[in-house]
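Accompanying notes for the structure given below.
Since the model is a prediction, treat every value here as computed from it, not as a measurement.
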Amino acid sequence: MAVRWLCSLFGKPFDGGKRMDHGAPQDQQQHPAEQQQPYHPQPPAMMRLYEVQKEVSTLGPQVCTFSGLQNDREYKRMERELTQLLLQVDQVDTEGKLELQGARKRAAQEVEGLLRYLEENASHPSRLAIDELSNAARELVDERVVAPQRAGGVAEINDELVDALQELILRLTQIKTEGRVPLRKARYRALTRLCAVQDVLESRTPQQTLSLPLSGDTHEAVNRINQVMVKVSMARSQLLALLMGLSGRDSCAHLSRILTELQVELDALDVSGNAAIRNYRKQVVEEINGLLKHLDLEGEGDDTRRYDLAQNNSIREIEAVRAHVSHLREGVLRHCVTGDLSFRPKAELQSLLTHLDQVDTAKNPCIREARRRAVVEVQAVVTFLDLREALVCRQPGPGEHPSHRAVWLVLGSLSDLQAQVLGFDGKRADKSYMMLEELLTKQLLALDAVDPQGDASTKMARKQAVKFAQNILNYLDMKTDEWEY
């Protein structure tokens, strides 16, 4: 809130207690009644409220972008300063004047609002969930990578570790922020670090199978490169510790200097035209560059554009595709109601899938998830059209197995239910959602009750039908999970 509400009480701009220069009079023979009125200084109480307002305007942006927790030093500082301001406002003597009482009340409400906003965001369930997932990732990396290397052992980097991190990243992307800047910022910071850790681990995994380092007998430069490689391995562990908040002494700037010095040392080596050694040095340099690109994360997330993706160009592309899909979906459902199957925009849908595949996610997990969901929306319409066509073209012979016929009957019911799911635009609390979920579950039970009686084609058809039903349920769940960027 600007200081206007303080100044407007007196119908004049605030001048800080100094007389204002209204300019020289145009007419020196000005009537006495038109002459400038004597200046009345602002009451001391109003001056004090104005000073409080200036301090609030300084603290406000800090509060509105704070993304930490209640035990953070920055939180305690802002809470302390706001509490002190509230006490100062309470001590302002209004001398019984209504104007001053109103101004003091509004000042107190603004400070209380900032205190409340600060506390709500720092203790919000989504903020606590972000911290919980971050701690889980921290413990995982510490146990599997950092601690073993600090003890002189070897880190166990495998697909299981990478998959576990990917699961935590996916869960982070699904945390709802309700559009709050502090929560968006906290989620983005956590995701950025986890994705960096994942990238470091994934780039390291294939290199474990290389026959490196080379033997020192090959060339005198090899011993130097081998020594650098050992230091790079140690730097990787330090980087992971930094990203996960497991290093209390090191800093990104310090580690960046170490890696840069290693690069200089490698550049100074004379490999004498030996191709094998040149490639060896190149691989080590590339690994150093891969670590260096993750060392600019200390200020990551300070720029609002990084975590508020509403204006992101990739998100805009994805949203444009989703709008196109929605238009096509409505057309498909409208024609299906009338029994007209001539409207089959499969080629157009396939081109949208190609477009989505080309969207640049910049390794941002939220953009990746947005793209994945858009792909699912397109595929849902494609599979609906494919099943409708298969049902129309189906010509069962007299020797068709009864179990196989039963599977097709269920598929017919699933096609009708999928049309309702495609057109559903409600919430999970709606009765229509619960009805659709129940009907789809019944179809799964019906498929489970089909006995193939040893018929291979029936087994395959039932398996595909079960997968199809589960995909419809998953799509319905996705449409109603209120996910946000």
Side-chain angles (χ1 to χ4, degrees), residues 159 162-163 166-167 169-170 172-174 188 191-192 195 198-199 202-203 206 293 305-336 340-393 411 414-415 417-425 463-465 467-485:
D159 291 339
V162 175
D163 290 344
Q166 180 59 40
E167 174 63 23
I169 289 172
L170 181 60
L172 270 171
T173 63
Q174 295 171 344
Y188 177 77
L191 282 169
T192 301
C195 288
Q198 187 184 41
D199 187 50
E202 286 179 339
S203 62
K293 71 180 182 180
R305 291 172 298 178
R306 299 291 293 169
Y307 52 86
D308 187 0
L309 298 176
Q311 304 303 318
N312 182 276
N313 288 333
S314 296
I315 289 294
R316 286 177 171 178
E317 282 189 66
I318 294 170
E319 287 301 318
V321 170
R322 291 185 66 234
H324 196 167
V325 173
S326 178
H327 175 71
L328 294 177
R329 183 173 59 239
E330 290 173 3
V332 167
L333 294 176
R334 189 167 54 251
H335 283 78
C336 284
D340 180 12
L341 299 180
S342 61
F343 183 65
R344 291 181 48 77
K346 285 189 65 175
E348 200 168 352
L349 290 165
Q350 289 296 338
S351 69
L352 291 178
L353 285 174
T354 302
H355 186 178
L356 287 171
D357 188 55
Q358 296 171 348
V359 170
D360 180 19
T361 64
K363 294 188 177 181
N364 187 309
C366 290
I367 301 178
R368 281 204 301 251
E369 176 65 8
R371 184 177 66 177
R372 184 193 71 81
R373 296 168 79 90
V375 168
V376 170
E377 290 187 41
V378 178
Q379 290 174 337
V381 182
V382 172
T383 56
F384 174 73
L385 290 171
D386 288 343
L387 181 57
R388 283 278 171 159
E389 183 179 9
L391 288 168
V392 170
C393 298
L411 283 172
L414 285 173
S415 179
L417 288 173
Q418 189 182 20
Q420 297 180 50
V421 171
L422 287 172
F424 180 77
D425 189 25
K463 181 179 179 180
Q464 293 176 342
K467 184 177 179 180
F468 184 74
Q470 289 174 336
N471 286 341
I472 299 175
L473 270 170
N474 292 337
Y475 177 64
L476 177 62
D477 184 66
M478 188 192 80
K479 288 188 74 172
T480 55
D481 65 3
E482 300 178 1
W483 184 80
E484 61 184 28
Y485 303 129

Heavy-atom nearest pair, C336 first then F384, reads SG-CE2, 3.6 Å
*asked:* Are more than 12 heavy atoms, taken from residues, nucleotides or ligands other than D425, located less than 6.0 Å from that residue's CG atom?
replied: no
Notebook entry, point to check: Got a sec: does the NE2 of H327 have more than 12 other heavy atoms crowding it under 6.0 Å?
Noted result: no
Taken in chain and number order and not counting sequence neighbours, the residues that satisfy salt bridge (charged side-chain N to carboxylate O under 4.0 Å, His left out) with D477 are R428
Residues at least two apart in sequence or cross-chain that pass side chain to side chain contact (heavy atoms under 4.5 Å, CB included) with V376, listed by chain then number, are R372, Y475, M478
Exercise for the section: Compare all side-chain heavy atoms of R371 with those of I367 and state whether any distance is below 4.5 angstrom. Expected result: no
Applied to residues 346-382, the ring-ring contact (aromatic ring centres under 6.0 Å, His included) test, sequence neighbours excluded, yields none
By side chain to side chain contact (heavy atoms under 4.5 Å, CB included), L385 pairs with (sequence neighbours left out) V332, R344, P345, K346, L349, V381
With sequence neighbours left out, the residues meeting side chain to side chain contact (heavy atoms under 4.5 Å, CB included) with L391 are L387, W408, S415
The reported gap from CG in L333 to CD in Q418 (rounded to nearest 0.5 angstrom) is 9.5 Å
Heavy-atom closest pair (C195 atom, I169 atom, distance to 0.1 Å) is SG-CD1, 3.9 Å
The salt bridge (charged side-chain N to carboxylate O under 4.0 Å, His left out) partners of R329 (sequence neighbours excluded) come to E377
Given side chains that start at C-beta, do those of I472 and L417 come closer than 4.5 Å, heavy atoms only? no
